[in-house]
Amino acid sequence: MDNFIFCSPTEFVFGRDTESQVGALAARHGAGKVLIVYGGGSAVRSGLIGRVEDSLRGAGLQWVTLSGVKPNPTDDKVYEGVALAVREAVTFILAVGGGSVIDTAKAIALGAVYPGDFWDFYSGKEQPMAALPVGVVLTIPAAGSEGSGNSVITRVATHQKLGARYPALLRPRFAVMNPELTFTLPWEQTAYGIVDMLCHIFERYFSPTVGTQLVDAYSEAIMRDVLDQALTLRMQPDSYDARADVMWASTLAHNGLCGVGKVEDWATHKLEHEVSALYDVPHGAGLACLAPAWMEVASRRNPDKIWRFAINVMSVDPTGHTTDEVIAEGIAMLRDFYHDLGLSTSLTELIGTKPDIDALVDSLKKNFGETLGSYVALSPADWREIYNLAL
Ligand code: NZQ
Ligand code: ZN
């Protein structure tokens, strides 16, 4: 195990009716005037925005709102939010939604206190020195942004979907997590979220670092539970306990706990971000195509952890089978699981046409150079093979 620092300072307030505490939380975390950021309307239709406003009013806080954040959030909404935050002298950003809303809120938090272009922090041109504080009311368990120090934004003009990682500035001050808020999710959004949180653990579990027995053991336990609860939710979408497990798992998958003491991988995410940047598909839907394809290529050069995943997470019985057979069965079972969730594992089916692999590879090179990943170092020829296996 490598040396590590683990700091997850977000105050998580979990359970039924917890959104009623948002005003008191924001006040306690120093909010003056609040900018509420939300998406395309689900939070208005469910009455959540009204309850959040009641809670802010009860705490004596003022607010303005920014609506219309789209999935795979774009820079234009960030610029709009930065201008609004500056004009209204906002001191606190409150995201009410999922990863797209939270990531937009984080980008606004960076841009509102910076005289230049917020994109400088995503392109790597500058390092931020400050950000407004961000709070979250989570409505979809998926991206894990409620506990992460990351934000992912798409620059429309260049089709670049890039992440900024500044944990000291971007980890939310608090995250309100009421599993009942996820009852209104369309099934496919629940499924995309499950794929995404599992992949956040894959990116850390499949690591070249050895001697990480404890981290691997609890990572496997979280993955097994998500697989179980996902199938429960497929049959009983209003099971509070299954919704609660999946919601907490989304946070544990991506707040850093599963990556302590390890070199992380992140090749699958980078391969997917190119797809959602170019074709605007949901992030989790792209990952369902690419994660099994990544395993096929990576296991040829470094089979050990993928073999262990097949046995300990996918419950493959290794008795009498070669390593290759166990791995092939584990990957097949993962694809079957995605199909059981009603998802496709074919990029061509997802996008509706064969993706332009040359364009995806060229963009990856431009954004990240010639190598991706650490479990195995993947070259552009490997990226091409993974995209082809995912067709
Ligand atoms: O916009 P509304 O109307 O709210 O609808 C949303 C949206 O259409 C809907 N939704 C959310 N909560 C709902 C609901 N519908 C009914 N009831 C509810 N309770 O769900 C749709 C998807 O929302 P979105 O926020 O896009 O989902 P998700 O949380 O999966 O976020 C995806 C984004 O996060 C990024 C992804 O790349 C993608 O852009 N990621 C961010 C990460 C981070 N910041 O750490 C890490 C991840 O790997 C990921 O890359
Ligand atoms: Zn993800």
Side-chain angles (χ1 to χ4, degrees), residues 10 19 36-49 66-75 77-78 95-107 109 122 134 136-155 160-167 170-172 175 177-204 237 243 246-247 250-251 253-256 259 264-277 280-288 290-291:
T10 305
E19 63 272 21
I36 305 175
V37 182
Y38 61 96
S42 73
V44 174
R45 288 192 296 279
S46 67
L48 175 61
I49 292 294
L66 177 74
S67 63
V69 174
K70 291 181 300 191
N72 295 323
T74 48
D75 55 347
K77 190 53 75 175
V78 178
V96 182
S100 298
V101 168
I102 303 168
D103 287 2
T104 301
K106 289 175 175 176
Y122 290 70
V134 173
V136 170
V137 179
L138 186 67
T139 63
I140 170 171
S145 190
E146 69 280 4
S148 84
N150 305 25
S151 159
V152 187
I153 299 291
T154 298
R155 191 161 185 76
Q160 281 175 296
K161 184 174 184 180
L162 294 178
R165 185 170 183 275
Y166 305 109
L170 293 188
R171 283 198 199 257
M177 300 170 65
N178 175 359
E180 288 182 328
L181 298 179
T182 69
F183 286 171
T184 52
L185 278 170
W187 170 255
E188 67 273 12
Q189 292 296 344
T190 299
Y192 300 149
I194 284 162
V195 174
D196 192 18
M197 66 185 79
L198 284 171
C199 198
H200 293 159
I201 304 182
F202 297 167
E203 302 283 14
R204 296 167 165 103
R243 289 273 177 201
V246 165
M247 193 174 225
S250 80
T251 304
H254 198 42
N255 77 340
E264 301 182 3
D265 190 85
W266 295 102
T268 309
H269 264 69
K270 291 189 170 112
L271 290 160
E272 195 294 315
H273 282 162
E274 295 304 334
V275 176
S276 48
D280 200 19
V281 295
H283 173 57
L287 292 173
L290 290 163

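Start at 1 and go down the list; that is how both ligands and their atoms are numbered. Along the sequence shown, the residues carry numbers beginning at 1.
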* Asked: Are Asn72 and Thr154 linked by a side-chain donor-acceptor pair shorter than 3.5 Å?
  -> no
* Donor-acceptor side-chain pairing of Tyr38 and Thr139 below 3.5 angstrom -> no
* Stepwise, does the side-chain contact (heavy atoms from CB on, under 4.5 Å) test hold for Lys106 with Ser148? -> CA-CA 11 Å; Lys106 289 175 175 176; Ser148 84; 3.4 Å; yes
* To do: Just jot down the salt bridge (Lys or Arg N to Asp or Glu O under 4.0 Å) partners of Glu19, sequence neighbours excluded, or say none.
  => Arg51
* **Residues Ser100 and Lys70: side-chain donor-acceptor under 3.5 angstrom** => no
* Structure fact -> Lining ligand 1 at under 4.0 Å, by non-hydrogen atom distance, are residues Gly39, Gly40, Gly41, Ser42, Pro71, Asn72, Pro73, Gly98, Gly99, Ser100, Asp103, Thr139, Ile140, Ala142, Ala143, Ser145, Ser148, Asn150, Ser151, Val152, Lys161, Leu181, Thr184, Leu185, Pro186, Gln189, Asp196, His200, His254, His269, His273, His283
* Asked: Would Thr251 and Glu146 satisfy side-chain hydrogen bond (donor to acceptor under 3.5 Å, both in side chains), going step by step from the backbone distance to the final call?
  -> CA-CA 7 Å; Thr251 304; Glu146 69 280 4; 2.7 Å; yes
* Listed by chain and number, what are the side-chain hydrogen bond (donor to acceptor under 3.5 Å, both in side chains) partners of Ser42, not counting sequence neighbours? -> none
* **Distance filter under 2.8 Å, centred on the Zn ion (ligand 2) - protein N, O or S atoms that pass it** => Asp196 OD1, His200 NE2, His269 NE2, His283 NE2
* Any side-chain donor paired with an acceptor under 3.5 Å for Arg243 and Thr190? -> yes
* Any chance the side chains of Glu272 and Thr268 put a donor and an acceptor closer than 3.5 Å? -> no
